[in-house]
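Side-chain atoms are counted along with the backbone in the values below, which use heavy atoms only and exclude waters and symmetry mates. Everything quoted here is computed from the prediction, not taken from an experiment. The first residue in the sequence is number 1, and the count goes up from there.
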Amino acid sequence: MQRITGGRAVALALKTEGIDHIFGIVGTHDCPLFDGVYGDPAFKVVTVRHEQGASLMAAGYARASGKIAACFVVPGPGLTNALTGMGMAYAESAPMIVFGGQNTLAQLEREGGHFHELANSVNVAASVCGYATRATTPADVPKIIREAMRSMRCKRPRPSYIEMPLDVQSGEGDVTLLPPEHYVRPAGDPAAIARAAEVLQSAKQPFVFAGGGVESAQATAALVRVAEALGAPVITSAFGRGAISDRHPLAAGDGWGRYSFYDELLGKADLAMVVGSRIDVVSDWNAGARFPERIVQIDIDPLVVGQRRPVEVGIVGDAAQVLEALALALESHHPRASWFDVAGFRKRKRAVFAERAGPVLSVIEDLRAALPDDTIFVDDLTLVGYWMPVMMDTYQPRTLIHPGTYGTLGYAMPAAIGAKLACPAQPVVAICGDGGFLFTMQELATASALNLDLIVLVFNDNAFGAIRQYQNRVLGGRNIGADLKNPDFVKLGDAFGAKSIRVEATDLGATVRRAHAEGGLWLIEIPFAPKGTVEMVPWMP
């Protein structure tokens with residue numbers, strides 16, 4: 001037991017949990033939290049330029065590495081600014097632990113007009129969290145942080161929120177720190193696993209649909225073993241890219257179910273094994289409607305199993321443990337050859353994308369060829385970004401990070417900063433549009449202050465291009481609010497200390513290769529407004 005402040009209790013408990021990165025902005029209502037980590041070499045404190053940047057960086061940090069980062073924010077505007085990144089992380093199953101400052105305990109729930117006051121702030125945060133509570137004494141802190149960690153590490157990973165009133169942060173108490181805990185995820189019901197193995201073995205033409213839960217569980221190797229035992233082609237969701245290398249002969253790529261050419265696989269398959277995925281609309285516009293009737297579904301979240309389609313066997317458990325057990329059971333049988341011509345399918349799919357996406361395909365293929373296999377690409381809601389999960393070959397887990405269903409503009413750059421801090425040895429590229437970039441462009445200051453090696457691409461069509469195309473198609477060209485007046489992005493990048501350059505799309509591959517070789521912070525603007533039949537958003541209704 002130690003007599004320490006609540007702020008120091010937070011620091012020591014985070015250290016026990018192995019959390020070493022803290023994103024945030026210091027203010028009057030979280031100063032004692034920052035004071036708790038002052039001078040402690042165990043922590044890297046990253047001062048951001050907007051609380052949304054803090055939570056998006058923490059989300060990118062988690063998506064790239066699986067590790068958990070902390071955020072310190074003030075109450076009221078600090079929390080509401082951070083909610084966007086928290087909502088993003090909630091939707092994409094990314095863990096983070098957010099500490100929100102607060103007025104003193106005696107001032108709460110009175111609507112007294114206190115500084116940074118926000119009514120029902122814990123409930124506000126809870127709407128985008130898997131765990132949310134308020135600490136009322138310094139002694140509570142280690143137990144509350146342990147509960148948050150159990151929620152994130154033993155269940156579906158989502159943000160946690162802990163509110164820290166000022167008198168709890170700065171007040172002293174007798175605090176008992178907890179020893180490290182080995183977190184155990186549910187292994188799945190053995191009888192259900194045995195039944196799933198029988199069902200999978202009975203299928204003549206099965207396929208696998210793999211989502212982000214495979215990477216969250218570090219289950220990629222086990223997934224490949226199961227697919228190889230079954231001879232089953234593997235389709236991934238946008239979140240699952242990298243669950244199997246696109247060089248693997250069973251890898252069929254991202255499953256954009258809106259396209260009818262997937263029917264040649266779906267129409268022949270007699271069973272789908274869905275692992276770690278909700279079958280969300282970004283990956284499969286039909287939400288699994290064209291899947292075969294027989295489905296085996298594996299997910300750590302019981303609400304997901306059977307949510308889209310009835311399942312023959314549902315298993316609630318950790319994907320790695322369940323897939324390991326299935327692999328052992330299936331590998332006792334003679335391995336099968338693939339029933340489906342995956343290589344031919346990928347060639348036909350590329351031909352369709354070349355027609356639909358036009359020059360976007362060349363841009364994506366040039367980027368892929370210019371950079372190493374372990375490069376982390378973080379895309380935003382922009383023309384190239386929309387197509388990245390569909391057309392970018394991905395060779396390793398956690399190397400293609402897409403914003404998915406929550407659809408946050410401005411996601412790419414702060415998330416890329418978080419990814420670079422989590423994985424400093426890997427190249428990281430942010431794929432931005434001109435509209436989205438200006439949502440969070442102030443975080444160039446953060447990247448510059450950190451001396452990061454980071455490549456930021458800004459594809460500029462002087463518009464919210466997806467919306468302009470949507471208005472053209474759906475509203476008969478009645479455009480409103482879609483055209484933009486932009487700054488000179490090269491001068492803007494220079495002002496932040498980035499190496500800045502404007503290049504044509506045809507020169508992008510060579511420029512990115514140079515940026516990677518030289519290192520440092522780069523901002524590369526690409527004027528890019530292809531005309532004709534290019535689809536802006538493959539999944540937009």
Side-chain angles (χ1 to χ4, degrees), residues 21 23 44 46 48-50 52-67 69 71 84-85 88-89 92 94 96 238-239 241-242 364 367-368 370-372 374-382 384-386 388-389 392 394 396-404 406 408-459 489 492-493 496-500 508 512 515-516 519-526:
H21 273 74
F23 301 99
K44 184 176 182 63
V46 179
V48 303
R49 307 310 290 266
H50 190 287
Q52 179 175 327
S55 54
L56 289 174
M57 287 178 202
Y61 184 97
R63 289 283 301 277
S65 66
K67 298 185 293 185
C71 297
T84 295
M88 187 78 222
E92 62 188 0
M96 69 176 71
F239 292 117
R241 301 295 285 124
I364 290 174
L367 282 173
R368 177 72 281 175
L371 294 164
D374 66 347
T375 300
I376 299 171
F377 295 94
V378 186
D379 64 76
D380 213 323
L381 301 180
T382 188
V384 175
Y386 285 125
M388 290 284 285
M392 169 69 79
T394 307
Q396 297 183 16
R398 301 184 181 277
T399 56
L400 181 55
I401 299 176
H402 182 73
Y406 202 65
T408 300
L409 267 177
Y411 172 80
M413 188 172 62
I417 292 171
K420 185 65 181 181
L421 290 168
C423 306
Q426 294 176 242
V428 178
V429 180
I431 312 291
C432 309
D434 53 307
F437 175 72
L438 288 176
F439 273 50
T440 53
M441 61 93 178
Q442 68 276 359
E443 301 307 341
L444 271 177
T446 305
S448 181
L450 294 168
N451 296 311
L452 293 185
D453 292 335
L454 181 68
I455 300 172
V456 179
L457 307 182
V458 180
F459 290 90
F489 288 110
L492 183 66
F496 280 105
K499 302 175 184 179
S500 303
L508 181 58
V512 167
H516 171 58
L521 175 62
W522 284 74
L523 187 147
I524 303 171
E525 180 192 354
I526 310 97

*Given Phe459, which of Asp380, Ile431, Asp434 fulfils the side-chain contact (heavy atoms from CB on, under 4.5 Å) condition?*
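Testing Phe459 for a side-chain contact (heavy atoms from CB on, under 4.5 Å) against Asp380, Ile431, Asp434 leaves exactly one candidate, Ile431.
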
For [X] and [Y], which heavy atoms make the closest approach, and how far apart are they?
X: Glu443; Y: Met57; answer: OE1-CE, 3.4 Å
X: Trp522; Y: Ala498; answer: C-CB, 4.5 Å
X: Cys423; Y: Ala64; answer: SG-O, 3.6 Å
X: Thr394; Y: Met392; answer: OG1-O, 3.1 Å
X: Val48; Y: Gly53; answer: CG1-C, 4.4 Å
X: Met96; Y: Ala59; answer: CE-N, 3.7 Å

pair [X]-[Y]: side-chain heavy atoms closer than 4.5 Å:
X: Leu457; Y: Val512; result: yes
X: Pro372; Y: His516; result: yes
X: Pro403; Y: Leu381; result: yes
X: Leu523; Y: Phe496; result: no
X: Leu444; Y: Phe437; result: yes
X: Leu450; Y: Lys44; result: yes

*Classify the ring geometry between His21 and Tyr61 as parallel (under 30°), tilted (30 to 60°) or perpendicular (over 60°).*
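Correct class here is tilted.
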
_Residues forming a side-chain hydrogen bond (donor to acceptor under 3.5 Å, both in side chains) with Asp379, sequence neighbours excluded_ =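 Asp379: side-chain hydrogen bond (donor to acceptor under 3.5 Å, both in side chains) contacts with His402.
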
*Heavy-atom donor-acceptor pair, Gln426 side chain to Ile376 backbone, under 3.5 Å*: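 Side chain of Gln426 to backbone of Ile376, a donor-acceptor pair under 3.5 Å: no, none is there.
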
Can I get a per-line list of side-chain donor-acceptor pairs under 3.5 Å for residues 409-419, giving both atom names and the distance, sequence neighbours left out?
residue, atom, partner, partner atom, Å
Tyr411, OH, Arg63, NH1, 3.4
Tyr411, OH, Glu92, OE1, 3.3

